[in-house]
Amino acid sequence: MGTLEERITKSETRIFKAVFPSTTNHYDTLFGGTALHLMDEVAFICATRFSRKKVVTISTGQIDFRKAIPAGTLIELVAKVISVGRTSCKIQVDIFMEQMYSELRESVVAGTFSFVAVDENKKPVPILD
Ligand SMILES: CCCCCCCCCCCCCCCC(=O)SCCNC(=O)CCNC(=O)[C@H](O)C(C)(C)COP(=O)(O)OP(=O)(O)OC[C@H]1O[C@@H](n2cnc3c(N)ncnc32)[C@H](O)[C@@H]1OP(=O)(O)O
């Protein structure tokens, strides 16, 4: 099991994607709904790896789209547990954009997602045993 800090470190979750035209809008930048979908997915994986329990999304915090993400770039989503309650945990998700053919990398989107651990009757249970 390990300490709380070890669990948080171990559950940090990263996903890379290439931004292809199939995921972009009429401005040729990543569709916001696609970004939200990917953020919820990586946050869900992080919360699941942290708790190793069934979790559901209870809320999202403010999501800041600081820069548009053009087609033809790479993105990395990084999810990390930032707070732990009795039945819930909050996950910070950052999206970093990278150029394909240079080392340029910058933080472009950030937000938080909260999850609650639930039992088979969908009732909240402790997030950690
Ligand atoms: C195009 C290709 C498609 C491909 C496809 C791939 C899909 C790739 C996507 C993957 C993504 C996966 C994501 C899956 C996860 C869902 O999809 S879940 C679906 C959406 N979520 C739901 O339906 C949940 C609905 N809500 C509920 O069922 C109930 O509110 C819950 C969660 C069981 C909680 O019940 P409750 O009685 O309200 O709980 P209560 O005891 O009051 O509070 C429980 C905890 O929540 C906290 N809480 C309550 N309200 C809030 C709030 N507003 N904010 C923060 N914390 C709160 C409380 O403080 C408490 O925390 P602790 O202090 O114990 O730590």
Side-chain angles (χ1 to χ4, degrees):
M1 281 286 144
T3 66
L4 181 63
E5 286 67 32
E6 285 167 346
R7 285 187 84 117
I8 289 173
T9 303
K10 263 185 81 177
S11 60
E12 187 171 307
T13 301
R14 294 163 180 269
I15 295 176
F16 275 94
K17 292 275 181 190
V19 180
F20 291 127
S22 59
T23 60
T24 58
N25 54 32
H26 55 298
Y27 304 115
D28 212 18
T29 61
L30 184 67
F31 180 53
T34 305
L36 290 174
H37 174 102
L38 293 170
M39 292 173 84
D40 190 33
E41 185 173 353
V42 72
F44 170 76
I45 295 169
C46 177
T48 301
R49 294 179 66 231
F50 172 71
S51 65
R52 295 294 173 186
K53 293 191 177 182
K54 194 179 290 185
V55 295
V56 292
T57 313
I58 180 104
S59 78
T60 66
Q62 180 170 315
I63 312 279
D64 295 314
F65 293 87
R66 299 189 194 113
K67 287 205 167 180
I69 304 173
T73 56
L74 302 175
I75 53 171
E76 182 185 19
L77 296 101
V78 182
K80 188 176 181 184
V81 175
I82 55 166
S83 69
V84 182
R86 193 182 76 81
T87 63
S88 69
C89 65
K90 187 189 274 191
I91 312 292
Q92 167 82 33
V93 179
D94 292 288
I95 302 183
F96 297 90
M97 176 179 67
E98 290 186 8
Q99 299 299 323
M100 283 197 189
Y101 308 114
S102 80
E103 296 297 326
L104 194 76
R105 174 183 166 95
E106 55 188 323
S107 169
V108 288
V109 183
T112 59
F113 294 75
S114 294
F115 294 86
V116 174
V118 292
D119 63 15
E120 59 280 2
N121 300 312
K122 301 189 171 65
K123 294 289 172 227
V125 292
I127 189 85
L128 295 177
D129 289 324

Any side-chain to backbone donor/acceptor pair from [X] onto [Y]? Under 3.5 Å, distance only.
X      : Y      : value
Asn25  : Tyr27  : yes
Arg49  : Lys10  : yes
Asn121 : Lys123 : no

field: Contacts of type side-chain hydrogen bond (donor to acceptor under 3.5 Å, both in side chains), residue Asp28, not counting sequence neighbours
entry: none

Please report the interatomic distance [atom1]([X]) to [atom2]([Y]), rounded to the nearest 0.5 Å.
X     : Y      : atom1 : atom2 : answer
Arg7  : Leu128 : CZ    : CG    : 5.0 Å
Thr29 : Ile69  : OG1   : CD1   : 8.0 Å
Arg14 : Ile45  : CZ    : CD1   : 14.0 Å

Of all heavy-atom pairs between [X] and [Y], which one has the smallest distance, and what is that distance?
X      : Y      : result
Pro124 : Val116 : CB-CG1, 3.9 Å
Pro126 : Lys53  : O-NZ, 2.7 Å
Pro70  : Thr73  : O-OG1, 2.7 Å

message: Between Asp129 and Arg52, does any NZ, NE, NH1 or NH2 come within less than 4.0 Å of an OD or OE carboxylate oxygen?
response: no

Name every donor-acceptor pair, under 3.5 Å, that has one atom in a side chain of residues 15-23 and the other anywhere in the protein, sequence neighbours excluded.
unit_1, atom_1, unit_2, atom_2, d
Thr23, OG1, Phe20, O, 2.8

- prompt: Can Phe50 and Leu4 be said to form a side chain to side chain contact (heavy atoms under 4.5 Å, CB included), step by step?
  reply: CA-CA 9 Å; Phe50 172 71; Leu4 181 63; 3.8 Å; yes

task: Evaluate side chain to side chain contact (heavy atoms under 4.5 Å, CB included) for Thr13 paired with Phe44, printing each intermediate quantity in order.
output: CA-CA 10 Å; Thr13 301; Phe44 170 76; over 6 Å; no

- request: Check the pair Thr60 / Met39 against side chain to side chain contact (heavy atoms under 4.5 Å, CB included), numbers first and verdict last.
  value: CA-CA 10 Å; Thr60 66; Met39 292 173 84; over 6 Å; no

List, one per line, each side-chain donor-acceptor pair under 3.5 Å for residues 79-101, sequence neighbours excluded.
unit_1, atom_1, unit_2, atom_2, d
Gln92, NE2, Asp94, OD1, 3.4
Glu98, OE2, Arg105, NH1, 2.7

- line: side chain to side chain contact (heavy atoms under 4.5 Å, CB included) with Phe115: of Ile127, Thr48, Ile58, Thr57, only one passes, and it is Thr57

field: Same cluster (ILVMFWY, side-chain, under 4.5 Å), Leu36 and Val42
entry: yes

